[in-house]
Amino acid sequence: MKLFHNKLKKIIIFSSRLSNVKYFLLDTLNVLSENYELFIITNKDIKIKKKKNINIINLNITRKPKIFLDIIYLLIILKHLILIRPNLVLTITPKISFIVSIAIIFFPVNKIHFFTGQIWYNKKNLNRYFFKQLDKIIFKTSNMCFVDSKSQIDFLVREGFSKSKLDLINNGSICGVDTNIFKKNSLYKKNFRKKYNIKKNEIVFMFLGRINREKGFFDLIHLHQLLKKNNVSSYFILIGEDEDNLTLRLKKDGNNNFIYIGHQSIPSNFLPCADLFVMLSQREGFGVSVIQASSCSLPIIGYNVVGLKDSILDNKTGILIDNIYRKKDSTRLLKLSKSRYLRSRFGNAGRKFVKKYFEKSDVINYLYEEINKYLI
């Protein structure tokens, strides 16, 4: 059995998918790799550029529970812990984090977990209890847990999690936004509208994220119908992985004003093309794509749920609504959609908000300093 020997202290990062690591943590890991040896154990669903002191080990872990396979994953994870002998473990994404929590019972090591939302937030009865207990086990086996929004910390404390082990990442957000990259770009917008034959009077709404029911897919369709009924011409641009093949239904159902362009690795090329950003998610840890859109001076429409309460300032950077099907909220949606002045005011305020509180460099510096405390 070959052990990994290196003078540098070692960190293992566990994630269900490499794409999650790239999207949320890669910039922080690049900084950590200057002083530590990193091992990312994950499902290599994408490729990333090789960097010194960052090793990627493939683990084809499934998202859904599968008892026999999960026991095998547990043994594989234990093997890597024994071989690498890390000084610290970082976990992100629920399933693999839970399995790691079981593994370190047999191979004790300092562990930091990243909470980026709770699966059980809007679940009920046995489902809620089951997933909550998994998070409690992850929590109890962690030395500390990073949380990416204040409202998420408040929620966890109300649900019985000790505040002393919860650490808000800077002002919120797991990775922040590089405002030099995410900004207005009138040329992108002009070319995009030309490519898809979008007229001047037609408003472009954009959603960026995983496409599924919980992220508000059917609420987006309702919003389009609401706008159409009130003579507001609009297009909806959907960017992200279609997890349930929902977009196949759009043309079949006659929703020709929806444009699905799939997952895009450089969102800064697309966000400036919109007039409004929509996040009608039923649960959210924070909403990184929201502050990316705000950095591009887009006004935001979002649900008033944990996480989005922190990334959207109601009536300042956008609007927070309770239920798109209620008249009070639909009236607010229509008002923002029709008012170029309001859209401009909220968009400009959003950019200032992001620059003040969520600049990427500030978030990375904070995470580096906090993680470093467990390695000195």
Side-chain angles (χ1 to χ4, degrees), residues 8-15 17-42 46 48-56 86-93 97 110-117 142-150 152-153 166-183 208-209 265-268 271 284-296 307 310-311 350-376:
L8 294 176
K9 289 186 176 180
K10 304 179 189 72
I11 305 172
I12 299 182
I13 301 92
F14 288 97
S15 172
R17 291 187 175 189
L18 183 56
S19 53
N20 290 326
V21 175
K22 180 183 178 182
Y23 187 65
F24 292 120
L25 287 177
L26 191 58
D27 291 321
T28 299
L29 298 183
N30 283 336
V31 175
L32 284 167
S33 70
E34 294 172 9
N35 295 302
Y36 303 108
E37 182 82 4
L38 307 186
F39 298 83
I40 304 172
I41 298 179
T42 183
I46 60 167
I48 60 173
K49 188 178 179 181
K50 287 186 178 180
K51 187 174 174 67
K52 185 181 177 183
N53 293 335
I54 296 182
N55 311 280
I56 300 173
N87 303 94
L88 179 66
V89 165
L90 305 178
T91 59
I92 183 173
T93 68
S97 301
N110 285 340
K111 176 167 75 77
I112 297 174
H113 178 65
F114 287 83
F115 276 126
T116 59
S142 299
N143 298 76
M144 185 264 286
C145 293
F146 284 123
V147 186
D148 58 357
S149 69
K150 185 180 182 301
Q152 190 182 168
I153 288 182
L166 299 171
D167 187 354
L168 178 65
I169 303 171
N170 201 43
N171 296 303
S173 168
I174 190 172
C175 56
V177 179
D178 186 340
T179 57
N180 292 316
I181 295 174
F182 288 90
K183 58 186 179 181
L208 189 154
S265 58
I266 309 177
S268 56
L271 284 169
E284 203 70 34
F286 178 78
V288 172
S289 60
V290 168
I291 56 171
Q292 289 174 340
S294 282
S295 185
C296 295
D310 299 75
S311 52
R351 171 126 180 122
K352 291 176 183 177
F353 175 58
V354 173
K355 284 178 73 70
K356 184 174 181 179
Y357 294 107
F358 306 115
E359 192 67 64
K360 179 180 280 289
S361 57
D362 297 333
V363 175
I364 291 171
N365 289 338
Y366 182 88
L367 283 173
Y368 179 84
E369 293 299 327
E370 291 300 304
I371 292 170
N372 196 49
K373 291 176 184 177
Y374 290 85
L375 291 157
I376 293 174

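As the structure is a computational prediction, the values presented were derived from the model and not from experiment.
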**Asked** Nearest 0.5 Å, what's the CG-CG distance between Leu32 and Asn372?
**Response** 8.0 Å
**Request:** Report yes if the side chains of Leu208 and Leu271 come closer than 4.5 Å at any heavy-atom pair, otherwise no.
**Result:** yes
**Prompt:** Between the side chain of Asn143 and the main-chain N/O of Lys111, is any donor-acceptor distance below 3.5 Å?
**Reply:** yes
**Prompt:** Can any side-chain N or O of Asp167 pair as donor or acceptor with the backbone N or O of Met144 at less than 3.5 Å?
**Reply:** no
**Request:** Specify the closest pair of heavy atoms between Gly117 and Gln152, including all atoms of both residues, with the distance to one decimal.
**Result:** N-OE1, 3.0 Å
**Request:** Check whether any side-chain heavy atom of Ile54 lies under 4.5 Å from a side-chain heavy atom of Ile40, and answer yes or no.
**Result:** yes
**Asked** Under the 3.5 angstrom rule, does the side chain of Tyr36 hit a backbone N or O of Leu375 as a donor-acceptor pair?
**Response** no
**Prompt:** Taking side chain as C-beta onward, heavy atoms only, is Cys296 less than 4.5 Å from Lys183?
**Reply:** no
**Prompt:** Between atom CG of Leu367 and atom CG of Leu25, what is the distance when rounded to the nearest 0.5 Å?
**Reply:** 7.5 Å
**Fill in**
d(Ser97 OG, Ile92 CD1) to nearest 0.5 Å is 7.5 Å
**Message:** Please find the pair of heavy atoms, one from Ser142 and one from Cys145, that lie closest to each other, and give the distance.
**Reply:** CB-SG, 3.8 Å
**Asked** Does Thr42 reach the main-chain N or O of Ser15 with its side chain, forming a donor-acceptor pair under 3.5 Å?
**Response** yes
**Asked** For Asn87 and Asn110, which heavy atoms make the closest approach, and how far apart are they?
**Response** O-CB, 4.1 Å
**Prompt:** side chain to side chain contact (heavy atoms under 4.5 Å, CB included) between Asp27 and Asp178: does it pass, once the steps are laid out?
**Reply:** CA-CA 11 Å; Asp27 291 321; Asp178 186 340; over 6 Å; no
**Prompt:** Nearest 0.5 Å, what's the SG-CZ distance between Cys175 and Phe24?
**Reply:** 6.5 Å
**Prompt:** To the nearest 0.5 Å, how far apart are NZ in Lys10 and CD1 in Ile12?
**Reply:** 9.5 Å
**Asked** Can you name the nearest heavy-atom pair linking Ile291 to Ser173, along with the distance?
**Response** CD1-OG, 3.7 Å
**Message:** Ignoring hydrogens, what is the shortest heavy-atom contact between Gly285 and Ser149? Give both atom names and the distance.
**Reply:** O-OG, 2.8 Å
**Prompt:** Counting distance only, does the side-chain N/O of Ser295 pair as donor-acceptor with the main-chain N or O of Gln292 below 3.5 Å?
**Reply:** no
**Asked** If you measure from CD1 on Ile169 to NZ on Lys150, what distance do you get to the nearest 0.5 Å?
**Response** 15.5 Å
**Prompt:** Are the side chain of His113 and the backbone of Thr91 linked by a donor-acceptor contact shorter than 3.5 Å?
**Reply:** yes
**Message:** Could you go through Asn53 and Leu38, starting from their C-alpha distance and side-chain angles, then the distance that decides it, and tell me whether this counts as side chain to side chain contact (heavy atoms under 4.5 Å, CB included)?
**Reply:** CA-CA 6 Å; Asn53 293 335; Leu38 307 186; 5.8 Å; no
**Fill in**
Correct closest heavy-atom pair for Val290 and Ser311 would be CG1-O, 3.6 Å
**Request:** Determine, stepwise, if the pair Leu29 / Val21 fulfils side chain to side chain contact (heavy atoms under 4.5 Å, CB included).
**Result:** CA-CA 9 Å; Leu29 298 183; Val21 175; 3.6 Å; yes
**Prompt:** Are side-chain heavy atoms of Phe39 and Ile11 found at a separation under 4.5 Å?
**Reply:** no
**Request:** Check whether any side-chain N or O of Asn365 sits under 3.5 Å from a backbone N or O of Ser361 as a donor-acceptor pair, and report yes or no.
**Result:** yes
**Asked** Do the side chain of Asn171 and the main chain of Tyr357 share a donor and acceptor less than 3.5 angstrom apart?
**Response** yes
**Prompt:** Does the ring centre of Phe358 sit less than 6.0 Å away from the ring centre of Phe286?
**Reply:** yes
**Asked** Between the main-chain N or O of Ile174 and the side-chain N or O of Asp148, is there a donor-acceptor pair closer than 3.5 Å?
**Response** no
**Check: Val177 and Lys360 side chains under 4.5 Å, non-hydrogen atoms** = no
**Prompt:** Are the side chain of Glu359 and the backbone of Thr179 linked by a donor-acceptor contact shorter than 3.5 Å?
**Reply:** yes
**Request:** Start with the C-alpha gap between Ile371 and Leu90, add the side-chain angles, then the distance that decides, and say whether side chain to side chain contact (heavy atoms under 4.5 Å, CB included) holds.
**Result:** CA-CA 9 Å; Ile371 292 170; Leu90 305 178; 4.2 Å; yes
